[in-house]
Amino acid sequence: MPELPEVHGYKIYLDSTSLHKKITAMECRDKRLLKKPLGDFEKALLGESFTETVRIGKYLFLKTTGSKTLLMHFGMTGRPNYYKDREDRPKFGHIVLTFENAFHLAFENKRKFGWWQLVDDIEDYRKQHNLSKDARELSLDEFKESLSTRKTDIKKVILDQSVTAGVGNWMADEILYQAQVHPKQKVERMTETQMDKVYKAMQHVIETAIDCDAHYDDFPKEFLMHFRKEGATCYHTGGEIEKIKVGGRSTYFSPKWQKL
DNA sequence: CACACTGTTCGCTC
DNA sequence: CGAGCGAACAGTGT
């Protein structure tokens with residue numbers, strides 16, 4: 001489930017494997033993953049190279065030597081896979097690019113919620129699609145500014161990509177656990193201190209997850225990820241973890257630790 | 001076999 | 001017009 005830290009890792013992976021190599025072929029097994037006709041992608045990519053990647057939240061942009069930028073979104077189950085031999089094509093590698101060195105880059109997407117798009121200008125795209133600045137680069141003031149107009153549950157708001165781009169379902173639960181704030185806390189009734197705590201927890205969770213290469217087992221022992229299941233034991237209170245729905249999403253929290 | 005799970009998008013209401 | 005809400009989307013795992 002790629003959220004900000006995983007996509008950050010994908011960026012590093014692509015930077016070290018897929019830049020500055022001419023693209024010689026493109027194959028797509030399922031056109032539903034393409035937001036434009038295949039021909040448009042071929043025209044934009046074949047004969048060109050990737051020059052640089054830019055990540056905003058869970059969106060990964062690959063600039064090219066041509067005029068277009070390739071945008072990848074991994075959905076819930078995607079990842080890039082750079083490999084050499086044709087027979088090593090991953091089972092769910094639905095889109096595959098081939099480079100001039102004969103290596104391939106597969107866009108793995110088991111559940112097909114991921115997609116590719118072609119973009120002219122990254123900043124224009126960001127604004128048109130109401131993406132905030134990347135959560136990692138958001139300032140406390142910008143965060144509070146976004147919260148000031150909202151009236152719903154804090155968990156829904158930090159899942160909103162126009163507020164904190166990159167935060168997904170597990171990160172939202174982790175952030176609120178670290179900040180000791182109930183997921184159904186109404187934003188309009190939050191104190192300054194609570195907002196500060198959520199912001200700090202968000203930065204802490206992001207940096208920790210990136211330091212661990214998004215490998216959950218390596219997270220500090222007080223992280224919710226280690227006991228994020230119904231009836232598990234809260235590290236701080238010894239109480240039980242509860243599962244509820246917030247904004248249609250499964251939400252895990254510790255009632256004794258995160259009080260309304 | 002039914003349903004849960006993921007993030008984004010769409011259509012609708014207020 | 002912006003916020004909020006719920007359904008829809010695909011397909012594997014349980």
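Protein chains get the first letters and strands the later ones, always in sequence-line order, with residue 1 at the start of each.
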Can you tell me how far P of C:dC1 sits from CG of A:Asn130, to the nearest Å? 13 Å
If you look only at pairs with a residue in residues 87-97 of chain A, which of them pass as a salt bridge (Lys or Arg N to Asp or Glu O under 4.0 Å), with sequence neighbours excluded? A:Glu27-A:Arg89
Taken in chain and number order and not counting sequence neighbours, the residues that satisfy side-chain contact (heavy atoms from CB on, under 4.5 Å) with A:Asp211 are none
Could you tell me how far apart A:Lys186 (NZ) and C:dA3 (P) are, to the nearest whole angstrom? 16 Å
When you measure from the side-chain N and O atoms of A:His73 to the phosphate of B:dT8, is any distance below 4.0 Å, counting only OP1 and OP2? yes
Give one of base, sugar-phosphate or nothing for A:Gly168, where a contact means two heavy atoms less than 4.0 Å apart. sugar-phosphate
Is the closest side-chain heavy-atom distance between A:Leu62 and A:Thr69 below 4.5 Å? no
Among C:dA3, B:dT6, B:dT8, find the nucleotide with the atom closest to the side chain of A:Arg150. C:dA3
Pairs touching residues 34-48 of chain A that satisfy salt bridge (Lys or Arg N to Asp or Glu O under 4.0 Å), sequence neighbours left out: none
Heteroatom pairs (N/O) under 3.5 angstrom, protein to nucleotides 11-14 of chain C:
| residue | atom | partner | partner atom | Å |
| --- | --- | --- | --- | --- |
| C:dG11 | OP1 | A:Arg32 | NH2 | 3.2 |
| C:dG11 | OP1 | A:Lys112 | NZ | 2.7 |
| C:dG11 | N2 | A:Arg111 | NE | 3.2 |
| C:dG11 | N2 | A:Arg111 | NH1 | 3.3 |

Test ring-ring contact (aromatic ring centres under 6.0 Å, His included) applied to A:His204 - qualifying residues, sequence neighbours left out: A:Phe223
A:His94: partners by ring-ring contact (aromatic ring centres under 6.0 Å, His included), with sequence neighbours left out: none
Closest contact, heavy atoms only, A:Pro90 versus A:Asn81: CG-ND2, 3.8 Å
Which residues share a ring-ring contact (aromatic ring centres under 6.0 Å, His included) with A:Tyr83, sequence neighbours left out: A:His104
Measure from the side chain of A:Lys245, starting at C-beta and using heavy atoms only, and say which of B:dC5, B:dT8, C:dA10 lies closest. B:dC5
Please list, chain by chain and in numerical order, all residues satisfying side-chain contact (heavy atoms from CB on, under 4.5 Å) with A:Glu52, sequence neighbours excluded. A:Val54, A:Lys63
I need the CG-P distance between A:Leu159 and C:dG6, as an integer number of Å. 14 Å
Using the ring pair (Phe, Tyr, Trp, His ring centres under 6.0 Å) rule, collect all pairs that involve residues 19-44 of chain A, keeping only residues at least two apart or in two chains. none
Nearest-Å distance for atom pair CD/P, residues A:Glu3 and B:dT6: 9 Å
Any pair counted as ring pair (Phe, Tyr, Trp, His ring centres under 6.0 Å), so long as it reaches residues 126-153 of chain A, sequence neighbours left out: A:Tyr125-A:His129, A:Phe143-A:Tyr199
Report yes if at least one side-chain N or O of A:Lys156 is closer than 4.0 Å to OP1 or OP2 of C:dC5; otherwise report no. yes
Nearest to side-chain heavy atoms of A:Thr152, which nucleotide of C:dG4, C:dC9, C:dA8: C:dG4
Hey, what bend do you get for the helix from B:dA2-C:dT14 to B:dC14-C:dG2 if you fit axes on five pairs at each end, rounded to 10°? 40°
N/O (side chain, A:Gln161) to phosphate O (OP1/OP2, B:dT8) under 4.0 Å: yes
Protein-nucleotide distance (A:Arg249, atom CZ; C:dA7, atom C1'), rounded to Å: 11 Å
Return the polar atom pairs (N/O with N/O) between nucleotides 9-14 of chain B and the protein under 3.5 Å, or none.
none

Can we call the ring centroids of A:Tyr82 and A:Tyr13 under 6.0 Å apart? no
Rounded to whole angstroms, how far apart are CD1 on A:Ile56 and C1' on B:dG7? 17 Å
Rounding to a whole Å, what distance do you find between A:Met76:CE and C:dA10:P? 11 Å
Interatomic distance, A:Phe107 CZ vs C:dA10 C1' [rounded to whole Å]: 14 Å
